[in-house]
Asks: 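First the structure, which I've put down as structure tokens, then a few questions once you've had a look.
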Amino acid sequence: MTLRVYNTLSGKKEEFKPLSPPKVGMYACGVTVYDYCHIGHARAAVAFDVIARYLRFAGYDVTYVRNYTDIDDKIINRSNEQGVHWKELAETFIEAHDTDMGALGVQRADVEPRATDYMAQIIAIVKVLVDKGFAYEVDGDVYFEVEKFHGYGKLSKRNLDDLQAGARVDVDERKVNPLDFALWKSSKPGEPEWDSPWGKGRPGWHIECSAMSAEILGQPLDIHGGGKDLIFPHHENEIAQSEAAGGGEFVRYWIHNGFVNIDSEKMSKSLGNFFTIREVLEKYRPEVVRFFLLSTHYRSPLDFSDKALTEATARYERFMNLFARVHRMGTEDRDLDEIEIKSKNFLSQEIEPHFREAMDDDFNTAAAIGHLFTALGPLNGVLDSADSDGRGVAKGWKEAVDSFFLEIGQVLGFFDGGFAVGEAWFSAGTGDDESKIKAQAMAEERVEARNNKDWAKADELRDAIAELGYTVQDTPQGPVLIAKKD
RNA sequence: GGCGCCAUCGCCAAGUGGUAAGGCAGAGGCCUGCAAAGCCUUUAUCCCCGGUUCGAAUCCGGGUGGCGCCUCCA
């Protein structure tokens with residue numbers, strides 16, 4: 001099975017062939033840290049998290065780099081508004097970013113560089129571009145001259161004429177071409193600044209990624225990614241800078257994720273139609289949010305709504321229910337019976353290959369998760385059978401199922417903690433306060449009532465338990481309390 | 001205006017040439033004292049019109065509708 005990846009540059013799915021396998025150098029554009037991250041940022045982070053996880057699962061030795069843009073006009077503006085030092089503002093939101101992404105199960109990148117820690121490399125590459133004649137200095141600003149770089153527009157599939165025709169930018173008379181972009185910006189009094197051959201100033205936005213990726217991973221990168229909105233101008237400009245300065249190919253595979261939409265419109269700061277990760281996590285559990293984000297292929301648009309999250313919850317709970325059932329099911333030290341063998345083989349011979357096939361096809365998590373659902377029937381069937389026979393499942397079966405989900409979970413970033421998470425899932429939320437203890441006592445009492453076939457009392461107790469916020473499930477293993485959804 | 005993407009069951013969503021995964025919701029059945037959870041069964045010919053092909057949701061052309069980028073943006 002070969003991994004195929006959609007490359008924005010070619011517009012096609014291509015077989016993935018890293019430059020020096022098994023090593024893979026991967027760089028994803030992170031966020032500009034001047035505010036809390038929204039769900040759109042979460043989607044990008046989760047998408048590249050899964051890509052890195054799957055590449056590792058497939059045997060690659062991945063070095064994943066994701067930067068923080070910690071110096072930028074927006075940071076400066078925000079720090080002025082709030083009267084907070086820009087550096088402090090940036091560090092605050094880097095921390096918030098790490099917390100929020102961590103909640104969503106996003107693993108840390110191997111290297112997480114800050115732009116301001118690579119000032120020497122940034123200045124060096126700008127200098128190379130000036131020396132080679134690709135850039136020019138005006139009044140302390142340095143611009144990249146797009147017309148000097150043949151191939152400008154190859155990623156976004158536009159040429160300079162197209163771009164100029166549609167240009168909505170205010171024309172800066174000092175630029176040779178209106179599309180020339182800043183590599184270095186001179187600082188105004190009071191602004192953060194670094195010394196450079198062109199005077200005090202700060203880097204333009206695009207150059208940091210060229211500098212940091214080359215410094216950390218070298219050139220070319222195997223994979224470079226980010227949101228679709230970065231294709232132009234950000235990534236187009238990165239190509240121009242890096243290929244002009246370094247001489248060779250900058251990136252082998254460009255990967256871009258689709259947007260999170262609200263009512264079919266892009267979620268964005270400027271439209272104001274965004275939800276921060278924090279806001280969403282007040283209402284929905286992080287696993288559900290992650291599951292939701294992976295339920296659609298990473299390149300497709302994804303509509304965010306309460307309805308969609310509610311459905312994602314129901315979907316995710318199918319797995320949690322299975323886990324909870326397996327968790328409370330006793331095991332027997334015996335050979336697997338017929339249906340246990342059948343379901344075990346189904347996992348290894350059908351689901352697992354289909355899962356890999358889906359992931360190999362441009363990281364198709366939506367299809368991969370779809371295949372996972374087909375495992376539910378046979379697996380629950382084994383549990384049904386064990387329940388009706390009043391016995392446990394074979395130890396070997398439970399272990400096989402456990403290792404299957406452990407493996408899948410490593411790739412998708414779910415199911416950490418094994419079957420116990422199912423049990424924990426349904427009892428979470430209400431804590432271990434006295435209402436839970438009371439509910440448990442009533443559940444015990446209810447067992448008595450049911451043994452005595454006192455249905456009236458049993459139902460009365462169930463209502464009382466419901467008052468405390470729990471639904472009681474009668475299982476062969478005894479009553480189970482489920483925290484009620486409101 | 002330029003460039004690009006998308007349109008599959010009530011809803012969500014896979015599927016890039018060979019006769020439509022999966023989920024949610026709904027319906028019926030089983031299990032259950034009743035429930036809950038679970039199991040089984042059940043629902044599409046793929047926006048419209050042409051074309052290519054033995055054969056197209058999948059390729060080409062046109063249309064309609066939606067979205068994105070061209071300015072900061074995951």
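Lettering follows sequence order; numbering is per chain, from 1. Quick caveat, the model's predicted, so the values are computed rather than measured. Computation of the quantities below employed the complete heavy-atom set of this structure, encompassing side-chain atoms and omitting hydrogens, waters and symmetry-equivalent molecules.
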Asks: Considering every strand shown, what is the Watson-Crick or G-U wobble mate of B/C59 when both distances are under 3.5 Å?
Replies: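 B/G51 - that is the nucleotide pairing with B/C59, both distances being under 3.5 Å.
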
Asks: Using only heavy-atom distances, decide whether a donor-acceptor pair under 3.5 angstrom links the side-chain of A/Arg325 to the base of B/A37.
Replies: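 Per atom types, no contact qualifies.
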
Asks: Describe the nucleic acid contact of A/Gly227 in one word from base, sugar-phosphate, nothing, applying a heavy-atom distance below 4.0 Å.
Replies: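 It contacts sugar-phosphate atoms only.
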
Asks: Could you please spell out the steps behind the ring-ring contact (aromatic ring centres under 6.0 Å, His included) verdict for A/Tyr68 and A/His97?
Replies: CA-CA 10 Å; A/Tyr68 298 104; A/His97 166 278; 5.4 Å; yes

Asks: Send over the distance from A/Lys154 NZ to B/C70 P, rounded to a whole Å.
Replies: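 These atoms are roughly 21 Å apart.
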
Asks: Record whether the side chain of A/Arg462 comes under 3.5 Å of the base of B/C34 through a donor-acceptor pair of N or O atoms.
Replies: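 It does, because a donor-acceptor pair links the side chain of A/Arg462 to the base of B/C34 below 3.5 Å.
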
Asks: Looking at A/Asn321, I'd like to know whether one of its side-chain N or O atoms comes within less than 4.0 Å of OP1 or OP2 on B/A37.
Replies: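 The answer is no; no side-chain N or O of A/Asn321 sits under 4.0 Å from OP1 or OP2.
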
Asks: Rounded to whole Å, how long is the line connecting atom CG of A/Asp162 with atom P of B/C69?
Replies: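 In whole Å, B/C69 P lies 17 Å from A/Asp162 CG.
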
Asks: Give me each pair satisfying salt bridge (charged side-chain N to carboxylate O under 4.0 Å, His left out) with a member in residues 300-313 of chain A, each pair once, sequence neighbours excluded.
Replies: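 As it turns out, the salt bridge (charged side-chain N to carboxylate O under 4.0 Å, His left out) pairs with a partner in residues 300-313 of chain A, which skip direct neighbours, are A/Lys283-A/Asp306.
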
Asks: How about A/Tyr298 and A/Asn364: does a side-chain donor come under 3.5 Å of a side-chain acceptor?
Replies: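 No.
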
Asks: At under 4.0 Å, does any side-chain N or O of A/Arg318 touch on OP1 or OP2 of B/C24?
Replies: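 True: A/Arg318 side-chain N/O within range (under 4.0 Å) of B/C24 OP1/OP2.
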
Asks: Tell me the interatomic distance from A/Leu160, atom CG, to B/C3, atom C1', rounded to whole angstroms.
Replies: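 Answer to the nearest Å: 13 Å.
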
Asks: A/Leu163 has an atom CG; how far is it from atom P of B/C3, in whole Å?
Replies: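 Atom-to-atom, A/Leu163 to B/C3, this comes out as 11 Å.
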
Asks: Classify the side chain of A/Arg328 versus the base of B/G38 as yes if they form a donor-acceptor pair under 3.5 Å and no if they do not.
Replies: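 In this structure, the two groups form no donor-acceptor pair.
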
Asks: Quick one: look up who B/U71 pairs with, Watson-Crick or G-U, both distances under 3.5 Å, and put none if it's unpaired.
Replies: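 Result: none.
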
Asks: Ring centres within less than 5.5 Å and planes less than 30° apart: is that true of A/Trp455 and B/G33 in this structure?
Replies: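 Yes, A/Trp455 stacks on the base of B/G33.
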
Asks: For the residue pair A/Arg66 and A/Phe48, would you count it as a cation-pi contact if the rule is NZ or CZ under 6.0 angstrom from the ring centre and within 45 degrees of the ring axis?
Replies: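 The answer is no, since A/Arg66 fails at least one limit relative to A/Phe48.
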
Asks: Go ahead and name the base partner of B/A20; Watson-Crick or wobble counts if both distances stay under 3.5 Å, otherwise write none.
Replies: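 Partner of B/A20: none found under 3.5 Å.
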
Asks: Quick check with a 6.0 Å cut-off and a 45 degree axis cone: is A/Lys344 positioned over the face of A/Phe404's six-membered ring?
Replies: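 Here A/Lys344 fails the 6.0 Å and 45° test against A/Phe404.
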
Asks: Show the numbers, then the answer: is there a salt bridge (charged side-chain N to carboxylate O under 4.0 Å, His left out) between A/Asp474 and A/Arg446?
Replies: CA-CA 10 Å; A/Asp474 298 319; A/Arg446 187 164 165 281; 2.7 Å; yes

Asks: Mark yes or no for a side-chain to base donor-acceptor pair under 3.5 Å between A/Asp161 and B/G2, with no hydrogen or angle criteria applied.
Replies: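 Such a pair does not exist between side chain and base.
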
Asks: Is it true that atom CD of A/Glu338 has more than 12 heavy atoms of other residues, nucleotides or ligands lying nearer than 6.0 Å?
Replies: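 Atom CD in A/Glu338 is not packed in, count stays at 12 or less.
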
Asks: Going by purine N1 to pyrimidine N3 plus the second Watson-Crick contact, or the G-U wobble pair, all under 3.5 Å, which nucleotide sits opposite B/U64?
Replies: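 Per the H-bond distance test, B/A7.
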
Asks: Looking at RNA chain B, which of residues 42-54 of chain A put a heavy atom within less than 4.0 Å of it?
Replies: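 Output list: A/Ala44.
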
Asks: A/Leu294 CG to B/A74 C1': how many Å, rounded?
Replies: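 Rounded to whole Å, this separation is 15 Å.
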
Asks: Starting from C1' on B/A37, measure out to NE2 on A/His327 and report it in whole angstrom.
Replies: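 Taking atom C1' of B/A37 as the reference, NE2 of A/His327 is at 16 Å.
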
Asks: Is NZ or CZ of A/Lys266 both nearer than 6.0 Å to the six-membered ring centre of A/Phe259 and within 45° of the ring axis?
Replies: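 Judged by the rule (NZ or CZ under 6.0 Å from the ring centre, within 45° of its axis), A/Lys266 counts as positioned above A/Phe259.
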
Asks: So with a 6.0 Å cut-off around NZ of A/Lys342, is the heavy-atom count from everything else above 12?
Replies: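 Not more than 12 within 6.0 Å, no.
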
Asks: Enumerate all atom pairs, one protein N or O and one N or O from nucleotides 10-15 of chain B, separated by less than 3.5 Å.
Replies:
unit_1: B/C11; atom_1: O2'; unit_2: A/Lys307; atom_2: NZ; d: 2.8
unit_1: B/A14; atom_1: OP1; unit_2: A/His297; atom_2: N; d: 2.8
unit_1: B/A14; atom_1: O3'; unit_2: A/Asn364; atom_2: ND2; d: 2.7
unit_1: B/G15; atom_1: OP1; unit_2: A/Asn364; atom_2: ND2; d: 2.5

